[in-house]
Amino acid sequence: MAEVQVQEKGGKGGKVRSKKQNTRVDMTPMVDLGFLLITFFMFTTTFSKPNVMDLGLPAKPKEDQPKPPPTEIKLSNSISLLLGKDNKIFWHQQDNTSLNDQTLNETTYDREGIRKIIEKAKAGAADQTKFTVIIKPTDDAVYKNFVDILDEMAITKSEQYGVTDVKPWEKAIYDKKVGNNGAAAAPATK
């Protein structure tokens, strides 16, 4: 609490001076209240839980087991999505002989874009139970677009999907389509 301390001087005669009063504030209750408030707010706040995306990854094969044969996916049961730069997405249902810059189609990430294309391809699949979406992010793709495509897999209920590298023949058509003229190639030296 606040105290007033007064010093008494001897009773000698002379001028009567007003007594100086020194004030001293005890800070102990204020510190106690501060710590009580800090602990109260620490215990009553809810900490945000990190959002984690669940990815079903295949089990790593054991060393003594033979490597399984590569999975063959029919073109009629699949669609390939190429995630490009500048929030662009391209799709096709072609093999390496029939893919060209006219058959590599561009669309958007909204519900009228890629969602409709996935649903249309799934409806037109020869075997809808084996319909597979093949996601191929390019080196220019951003993480947000990859997460958006994984969200679309959940929305369209496409349970079979895979993430793989862009094939060289797809990369050549992609570069031609977006106008990359060998930008990744090393500059010539003198």
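In this structure the side chain of Leu83 never reaches within 4.5 angstrom of the side chain of Lys136, judged on heavy atoms. For the pair Ser80/Gln93, no side-chain contact is recorded, criterion being any heavy-atom separation below 4.5 Å from C-beta on. Two residues are said to be in side-chain contact when any heavy atoms from C-beta on lie closer than 4.5 Å; Ile118 and Trp91 fail this criterion. Annotation: side chain of Leu81 is in contact with side chain of Ile149 (closest heavy-atom distance under 4.5 Å). Counting only heavy atoms from C-beta outward, the side chains of Ile173 and Phe90 never approach each other to under 4.5 Å. A 4.5 Å side-chain heavy-atom check between Tyr174 and Val166 finds every atom pair outside the cut-off. Here the side chains of Glu170 and Leu99 are in contact, with some heavy-atom distance below 4.5 Å. Considering only heavy atoms from C-beta on, Ile155 stays 4.5 Å or farther from Arg111 through its side chain.
Rounding to the nearest 0.5 Å gives a distance of 15.0 Å between NZ of Lys157 and CZ of Phe131. Atoms CZ and CG, from Phe146 and Asp151 in turn, are 10.5 Å apart once rounded to the nearest 0.5 Å. How far CG of Asp165 is from CG of Asp139: 8.5 Å, rounded to the nearest 0.5 Å. In this structure, CD in Glu152 is found 10.5 Å from CD1 in Ile135, a value given to the nearest 0.5 Å.
Salt bridge Lys177/Glu106: absent, no basic N to carboxylate O contact under 4.0 Å.
For Thr107 against Ile114, the heavy-atom pair with the smallest separation is OG1-N, 3.7 Å. When all heavy atoms are compared, the tightest approach of Gly84 to Asn145 is O-ND2, 4.2 Å. Heavy-atom minimum distance, Asp110 versus Thr108: OD1-OG1, 2.5 Å. What you find for Thr129 and Gln160 is that their closest heavy atoms are O-NE2, 3.6 Å. Residue Thr164 comes nearest to Lys167 through the heavy atom pair OG1-NZ, 4.4 Å, listed as atom of the first residue, atom of the second, then distance. Thr103 approaches His92 most closely through the heavy-atom pair O-CB, 3.7 Å.
Without hydrogens or angle criteria, Asn77 side chain to Ala126 main chain gives a donor-acceptor distance under 3.5 Å. Judged purely by atom type and a 3.5 angstrom limit, Asp86 has no side-chain atom pairing as donor or acceptor with the backbone of Lys88.
In the hydrophobic cluster analysis, where Ile, Leu, Val, Met, Phe, Trp and Tyr join through side-chain heavy atoms closer than 4.5 angstrom, Leu104 is grouped apart from Ile134. In terms of hydrophobic clustering, with Ile, Leu, Val, Met, Phe, Trp and Tyr side chains grouped at heavy-atom distances under 4.5 Å, Leu36 and Met27 are assigned to different clusters. Cluster membership for Phe40 and Ile38, using ILVMFWY side-chain heavy atoms within less than 4.5 angstrom, is not shared. Linking Ile, Leu, Val, Met, Phe, Trp and Tyr residues whenever their side-chain heavy atoms come within less than 4.5 Å leaves Leu82 and Leu150 in two separate clusters. Phe35 and Met42 end up in different hydrophobic clusters when Ile, Leu, Val, Met, Phe, Trp and Tyr side chains are linked at under 4.5 Å.
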With side chain to side chain contact (heavy atoms under 4.5 Å, CB included) as the test, would you mind laying out the steps for Asn87 and Val142 before giving the verdict? CA-CA 8 Å; Asn87 297 327; Val142 293; 4.0 Å; yes
Check the pair Lys116 / Lys120 against side chain to side chain contact (heavy atoms under 4.5 Å, CB included), numbers first and verdict last. CA-CA 6 Å; Lys116 293 272 188 203; Lys120 183 178 174 184; over 6 Å; no
Checking side chain to side chain contact (heavy atoms under 4.5 Å, CB included) for the pair Thr97/Trp169: CA distance, chi angles, key distance, verdict? CA-CA 9 Å; Thr97 58; Trp169 49 273; over 6 Å; no
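Asp140 and Thr138 are not linked by any side-chain donor-acceptor pair at a separation below 3.5 angstrom, with hydrogens and angles left out of the test. A donor-acceptor pair shorter than 3.5 Å can be found between the side chains of Ser98 and Gln94.
Under a cut-off of 6.0 angstrom, the local environment of CG in Asp95 is crowded, with over 12 non-hydrogen atoms contributed by other residues, nucleotides or ligands.
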